[in-house]
Amino acid sequence: MKHYPAAFKADAVALYRSRPGATIKSVAADLGVNTETLGNWIRAADGGRPGAHSAPPVTSQAVGDAVQADLAAARKRIRELEEERAILRKAARYFATETRW
């Protein structure tokens, strides 16, 4: 039976919680620890409360909504940049005809 430092245990729990949709088994395999051991660390971090969840459930709808919001913001920014570019091109043409070098 191995003994792990408290910092490693806390990092393992944080890693599990930071990966939406990850299973305890997959995170335990990534870290090279037993699945039950990681499960115990997560329960201990939750205070051992029955029914306590280690991470709020992330639904695919919430993820999809976030992606759609990011996409809409990116499209808006692209439109703004295209408009600025058009204005700068017009200004460059205007000033190119005004200067006689």
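Positions are given from 1 along the sequence.
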Counting only pairs under 3.5 Å, give me each side-chain donor-acceptor contact of residues 74-89, with atom names and distances, residues two or more places apart or in other chains.
unit_1, atom_1, unit_2, atom_2, d
Arg77, NH1, Glu80, OE1, 3.4

Checklist entry - For residues 64-91, which residue pairs qualify under ring pair (Phe, Tyr, Trp, His ring centres under 6.0 Å), counting only residues two or more places apart or in two chains? => result none
Next on the checklist: I need the full list of ring pair (Phe, Tyr, Trp, His ring centres under 6.0 Å) pairs touching residues 19-43, with sequence neighbours left out, sorted by first then second residue.
Outcome noted: Tyr4-Trp41, Phe8-Trp41
Item to check | Criterion side-chain contact (heavy atoms from CB on, under 4.5 Å) on Asn34 and Leu38, from CA distance to verdict | outcome: CA-CA 6 Å; Asn34 186 298; Leu38 180 58; over 6 Å; no
Checklist entry - Which atom names give the shortest non-hydrogen contact between Val27 and Ala12, and what distance separates them? => result CG1-O, 4.4 Å
Next on the checklist: Which residue is it: Thr23, Ile24, Asp11? I am looking for the one with a side chain to side chain contact (heavy atoms under 4.5 Å, CB included) to Tyr16.
Outcome noted: Ile24
Item to check | Pair Asp30 + Lys25, salt bridge at N-O below 4.0 Å | outcome: no
Item to check | Point-to-point distance, once rounded to the nearest 0.5 Å, from CG of Asp70 to CG of Asp65 | outcome: 11.0 Å
